[in-house]
Amino acid sequence: LTSHPEAIIVLPRHKIMKMSVLQEINPNVRNMKPLEYSILAGRLSQIKEELRQGVKKPYQEVLDVYMGDPHKGGVKPLSFVRQVLAACLYPQLVNSSKLPADVRQRAQRLLGRCDGGSVGSYTATRGIPETLIRVSEFITRRDGGVPSNPENIFLSPGSQWSLSILHVLLNPESSPRNGVLSPVPCHNTTTMSVTGLGAVVVPYYLSEEQGWELQVEELHRAMESAKGVCNPIALYIVNPGNPDGHVQSRKSMQEVIRFVSERKLFLLADEVYQDYVFGENSEFVSYKRVLSEMGPPLSDTVELASFHSASKGWMGECGLRTGYMELVNLDPAVMKHIFTMFSTDTCAPVLGQIALDLMLNPPQPGEPSYPLYHMETQNIKNTLAGNGKRAVEVVNSLPGLCCQPLEGGAFAFPKVYLPPSFIQKAKEAGLEPDTFYCSRLLDEAGLLVGPGTEYGQKEGTYHIRFCILTSAEIMEEVLTRLTCFHKQFMKDFS
Amino acid sequence: MSHQAANGVPCRGKVLTVDNMNPRVKKVEYAVRGPVVQRAVQIEKELREGVKKPFTEVIKANIGDAHAMGQKPITFFRQVLAMCSYPELLKDNMFPEDAKQRARRILEACGGHSIGAYSASQGIECIRQDVARYIEKRDGGIASNPDNIYLSTGASDAIVTILKLLVRGEGCDRTGVMISIPQYPLYSAAITDLGAVQVHYYLDEANCWSLDVAELRRALNAARQHCNPRVLCIINPGNPTGQVQSRQCIEDVIRFVKEEHLFLMADEVYQDNVYAEGCKFQSFKKVLFEMGPEYSSTVEMASFHSTSKCYMGECGFRGGYMEVINMDPEVKAQLTKLVSVRLCPPVSGQALMDLVVNPPQPDEPSYTTFMKERTAVLAELAEKARLTEQILNTVPGITCNPVQGAMYSFPRITLPQKAIDKAKEAGHIPDMFYCMKLLEEEGICLVPGSGFGQREGTFHFRMTILPPTEKLKVLLQRLRDFHQRFTQEFS
């Protein structure tokens with residue numbers, strides 16, 4: 001027996017008394033890197049319990065800005081959306097005057113598209129057919145007229161679920177293993193998905209000093225690094241970036257498209273933050289649009305999956321778990337199999353499908369709900385832009401913290417300078433230095449943020465990620481607590 | 001092979017083709033939404049466009065979707081959910097106080113007091129506590145630990161997650177998963193998708209689809225020649241067969257899994273759908289614990305439940321949970337890690353599950369209406385189960401076992417040899433050929449038995465008992481007429 005924790009000890013079958021021992025589970029699952037979050041979540045629960053029991057702390061409640069969760073951060077749900085959902089759930093409301101007329105009409109129309117007039121019925125596999133049409137119309141409008149075929153759209157229980165397209169792309173039996181080029185930094189669940197499917201994550205580093213820009217030379221380097229290790233078959237890109245907040249230029253996107261075409265890679269474009277663009281010279285344009293504008297042969301050949309979600313936008317309905325995926329230029333024979341695979345999940349949650357329909361097809365001027373809808377969404381938009389500005393301002397005023405200009409997305413991802421004495425302490429605690437920083441921030445300031453380790457970063461650098469899609473009050477409180485903690489931290493460890 | 005296009009740029013084939021895609025996905029089938037159903041959708045479209053057919057509507061008896069067939073939602077549940085969605089309604093006096101209380105409690109447990117916030121990956125804590133209490137009450141007081149409860153996106157999500165966790169190994173060591181023939185094809189699809197080995201055990205059609213441990217043993221021993229069987233999946237009440245396991249049978253299965261070191265997956269989503277006299281649902285967990293510590297401290301299992309079936313029929317919410325028993329703590333940590341990848345299950349589904357496990361109590365205002373609705377739904381299902389069995393058994397060439405529970409009937413059909421030959425000529429499986437013809441001629445959509453598995457040389461179809469009683473009678477009558485015609489045509 002060896003003491004190495006990862007050693008696989010193969011016992012003869014009759015000696016295996018306990019059924020499910022660690023050695024006996026799916027190695028792909030075992031190899032998935034656990035979330036740093038789980039370390040912090042344990043402590044978070046404890047602190048919450050201590051607060052409940054009246055233990056004295058320098059704060060009365062914990063501020064959790066770890067996830068990109070606007071409602072948790074104090075952003076209110078959109079009234080229109082919630083009213084329609086309520087009426088769909090309890091159709092008696094359709095006939096009552098408690099809700100505005102356009103809300104009732106929408107609910108009625110949407111219920112009419114549900115079997116048995118109930119949101120409790122399954123829908124067609126890819127989603128409610130009318131909603132798929134709405135989604136395709138939205139995409140066409142957004143992309144300046146580039147046509148979108150509803151047959152190529154799949155609604156799913158969230159963008160991470162849409163990543164089951166990876167399931168089709170990645171062949172677990174291939175040798176060498178398949179690889180997926182993935183940005184550093186990148187939100188962690190995607191990399192977990194790739195590993196969980198037995199494939200290799202091939203990192204490409206975004207350039208922090210250039211505002212987290214993607215440089216195509218880096219893509220070439222990444223491909224080189226994969227030689228002899230795996231066979232890359234896809235490139236995953238997040239625009240606007242998570243956690244980095246960079247919004248890609250058209251030029252950069254064209255370079256990516258040319259790159260994937262030359263290298264025969266499938267392009268996975270995660271565009272869930274497309275509504276969050278506040279940088280002065282930034283503009284979101286979809287990969288599909290850029291691809292189309294580049295004309296044939298690229299526009300006819302590059303295979304693309306783009307993702308959007310009801311968790312983002314101004315609705316921020318993370319808890320509903322719904323998103324969509326649009327597939328472009330895929331082989332029709334493959335599409336058939338994708339459909340079959342999706343059908344085993346039956347369908348996306350119906351409330352989420354309805355919310356998505358509303359998100360992409362909001363009240364128009366002249367409709368009764370428009371004024372309130374417009375006011376609420378403008379409010380959130382302005383708050384986000386304000387928070388972004390404020391976050392960068394405050395963070396950059398603190399010694400040892402440096403945040404690149406935020407152009408979009410839902411997070412700030414400042415670099416944190418950690419003194420060697422602190423790094424040593426972290427080692428002693430058995431934690432990554434930035435996780436250790438986050439755990440002290442949680443303990444001492446009641447503020448929960450994500451450590452850069454969770455998302456990947458250049459060796460020797462440390463970062464923290466926090467959500468900026470919150471109410472203005474909460475953002476201010478977050479920044480106050482961070483400031484207070486960090487100033488003390490620098491004193492204690494310099 | 002590349003060639004130059006007109007503008008000199010080389011053309012190339014697709015990056016993702018049927019040849020290089022994941023070969024396992026290629027083999028996945030799911031009959032419940034398979035070719036017959038897809039054709040039914042087309043026909044419905046044609047009918048809408050005014051195409052003339054021998055029928056004016058397609059009766060869809062292919063999927064266990066109660067609301068689609070006109071079953072009404074439970075009022076109380078929808079009231080609470082409406083208020084959770086739009087909390088302004090809490091101020092309104094159109095809703096009873098007990099509904100308001102539930103809504104407030106759920107919202108209190110949500111981030112930002114909104115069902116739009118992510119929850120913990122394992123599910124909202126107070127809901128898991130409620131689920132544990134429900135299980136304790138259901139199982140006569142046997143303790144349930146909320147930490148062992150994982151809320152999920154329907155039971156299917158939890159089932160696939162456990163399989164994902166357990167499937168490993170190469171060649172002869174590859175994980176074998178035991179599943180019944182016939183089975184609900186999610187299992188075969190997941191097994192195929194994960195590259196596990198499907199080990200089937202036959203249910204005994206002559207004995208009301210009962211499960212015989214001797215058959216389990218036969219299947220296991222045969223499988224050990226070529227794979228490493230580690231999991232036994234059991235659906236109780238059964239899908240598609242509807243059989244409700246006897247106490248004795250459950251005990252025998254538990255003894256079997258203990259002896260053979262198998263992980264037990266108990267799919268109990270139809271636990272309230274029990275109709276036949278003398279049949280009673282008992283959870284595997286309850287029986288396990290009643291068998292004493294020799295079993296209850298060693299057998300490792302997971303049981304699954306869902307908001308899609310029973311009397312709720314709320315498929316569209318994708319609500320569900322699993323309870324894991326005696327799982328190695330290190331493995332459980334891996335399970336917890338695995339469920340975090342998809343962030344969390346739909347919060348509205350979690351909320352609904354909370355109401356299912358925490359329904360109105362006798363002293364609460366909504367109790368009377370709730371019980372009335374619940375009883376009516378289950379009584380109607382029981383009646384339709386009986387009716388279906390009765391009518392199908394009057395058709396020469398169709399034999400139907402009693403529908404003891406669940407939502408389906410899985411009758412055996414005798415097909416004339418000529419029909420079988422004709423089907424095979426056309427490259428079709430005979431019961432698929434039968435179902436397609438039934439669809440085209442009568443507008444009835446069922447799923448061929450081949451989609452669920454059956455003994456070689458036998459044919460079946462699965463139909464739901466969900467259409468409203470009058471429509472069900474029409475369906476059964478047309479089916480009877482069709483079968484007689486079919487038999488004659490191919491005699």
Notebook entry, point to check: Contact part of B:M69 toward chain A, heavy-atom cut-off under 4.5 Å: side chain, backbone, both or neither?
Noted result: neither

Note to self: Please rank A:K72, A:H337, A:K76 by heavy-atom pairs under 4.5 Å with chain B and give me the top one.
What the structure shows: A:H337

Check: Can you say whether A:E173 sits under 4.5 Å from chain B via the side chain, the backbone, both, or neither, judging by heavy atoms?
Finding: side chain

Next item on the list: Please flag which part of A:F339 lies under 4.5 Å from any non-hydrogen atom of chain B: side chain, backbone, both or neither.
Entry: side chain

Next item on the list: Determine the option with the most heavy-atom pairs under 4.5 angstrom with chain A, choosing from B:H113, B:Q350, B:R24.
Entry: B:R24

Next item on the list: Could you tell me which of B:V32, B:V160, B:T153 has the largest number of non-hydrogen atom pairs under 4.5 Å with chain A?
Entry: B:T153

Next item on the list: Let me know if A:L170 has heavy atoms under 4.5 Å from chain B in its side chain, its backbone, both or neither.
Entry: backbone

Notebook entry, point to check: Which answer fits B:I63, side chain, backbone, both or neither, if we ask what part of it has an atom under 4.5 Å from a heavy atom of chain A?
Noted result: side chain

Checklist line | Minimum heavy-atom distance A:S164-B:R342, with the two atoms named | finding: CB-NH2, 4.4 Å

Next item on the list: Using a cut-off of 6.0 Å, state whether more than 12 heavy atoms not belonging to B:K45 lie near its atom NZ.
Entry: no

Margin query: Need one label for B:L89: side chain, backbone, both or neither, based on atoms under 4.5 Å from any heavy atom in chain A.
Written below: side chain

Notebook entry, point to check: By a 4.5 Å heavy-atom criterion (distance strictly below it), what part of A:K98 contacts chain B: side chain, backbone, both, or neither?
Noted result: side chain

Item checked: Donor-acceptor pair between A:N171 and A:N178 side chains, under 3.5 angstrom -> no

Margin query: Please classify the contact between B:C84 and chain A as side chain, backbone, both or neither, with a heavy-atom cut-off of under 4.5 Å.
Written below: backbone

Item checked: Top contributor to chain A contacts, counting heavy-atom pairs under 4.5 Å, from B:I115, B:V28, B:T336, B:T175 -> B:I115

Note to self: If you count heavy-atom pairs within less than 4.5 Å of chain A, which of B:G112, B:G116, B:P87 leads?
What the structure shows: B:G116

Next item on the list: Check whether B:L186 gets within reach of chain A through its side chain, its backbone, both or neither, counting any heavy atom under 4.5 Å.
Entry: side chain

Notebook entry, point to check: Where does A:T346 contact chain B at under 4.5 Å (heavy atoms): side chain, backbone, both or neither?
Noted result: both

Checklist line | Parallel, tilted or perpendicular: rings of B:Y311 and B:F77 (30°, 60°) | finding: tilted

Notebook entry, point to check: Should we say atom CD of A:E49 is surrounded by more than 12 heavy atoms from elsewhere, each under 6.0 Å from it?
Noted result: yes

Margin query: Can you give me the closest heavy-atom contact between A:G196 and A:N28, atom names plus distance?
Written below: O-CB, 3.2 Å

Checklist line | Basic-acidic side-chain contact under 4.0 Å: B:R224, B:E260 | finding: yes

Next item on the list: Please determine which of B:K72, B:E314, B:Q71, B:R78 meets the side-chain hydrogen bond (donor to acceptor under 3.5 Å, both in side chains) test together with A:S118.
Entry: B:R78

Check: Checking heavy atoms, do the side chain of A:C114, its backbone, both or neither come under 4.5 Å from chain B?
Finding: neither

Next item on the list: Check whether B:E29 gets within reach of chain A through its side chain, its backbone, both or neither, counting any heavy atom under 4.5 Å.
Entry: backbone

Checklist line | Under 4.5 Å from a heavy atom of chain B, the part of A:S38 involved | finding: neither

Notebook entry, point to check: Do A:M192 and B:K337 come close enough that some side-chain heavy atom pair is under 4.5 Å?
Noted result: yes

Item checked: Proximal component of B:F95, with respect to chain A [non-hydrogen, under 4.5 Å] -> side chain

Item checked: side-chain contact (heavy atoms from CB on, under 4.5 Å) partner of A:L327, chosen from A:L304, A:I165, A:V334 -> A:I165

Item checked: Leading residue by heavy atom contact count with chain A [cutoff under 4.5 Å; candidates B:T17, B:V25, B:N20] -> B:V25

Checklist line | Among the listed options A:N26, A:L330, A:V75, A:V350, the residue most often paired with chain B at heavy-atom distances under 4.5 Å | finding: A:N26

Check: Measuring heavy-atom distances to chain A, does B:S119 have an atom under 4.5 Å in its side chain, in its backbone, in both, or in neither?
Finding: neither

Item checked: Contacting moiety of B:P345, where chain A heavy atoms sit under 4.5 Å -> backbone

Next item on the list: Check whether any side-chain heavy atom of A:V260 sits under 4.5 Å from a side-chain heavy atom of A:F266, and report yes or no.
Entry: no

Next item on the list: Examine whether an atom of B:T75 lies under 4.5 Å from a heavy atom of chain A, and if so say whether it belongs to the side chain, the backbone or both; otherwise answer neither.
Entry: both

Notebook entry, point to check: Counting heavy-atom pairs under 4.5 Å to chain A, which of B:F317, B:Y118, B:Y30 comes out on top?
Noted result: B:Y118

Checklist line | Lys/Arg-Asp/Glu bridge criterion (N-O < 4.0 Å) met for A:R30, B:E330 | finding: no

Note to self: Under 4.5 Å from any heavy atom of chain B, what part of A:M67 do you find: side chain, backbone, both or neither?
What the structure shows: side chain

Check: Between A:L197 and chain B, which part of the residue has a heavy atom less than 4.5 Å away: side chain, backbone, both or neither?
Finding: neither

Notebook entry, point to check: Heavy-atom distance under 4.5 Å to chain B: side chain of A:P77, backbone, both or neither?
Noted result: side chain

Next item on the list: Below 4.5 Å from any heavy atom of chain B, which atoms of A:A124 appear? Answer side chain, backbone, both or neither.
Entry: backbone

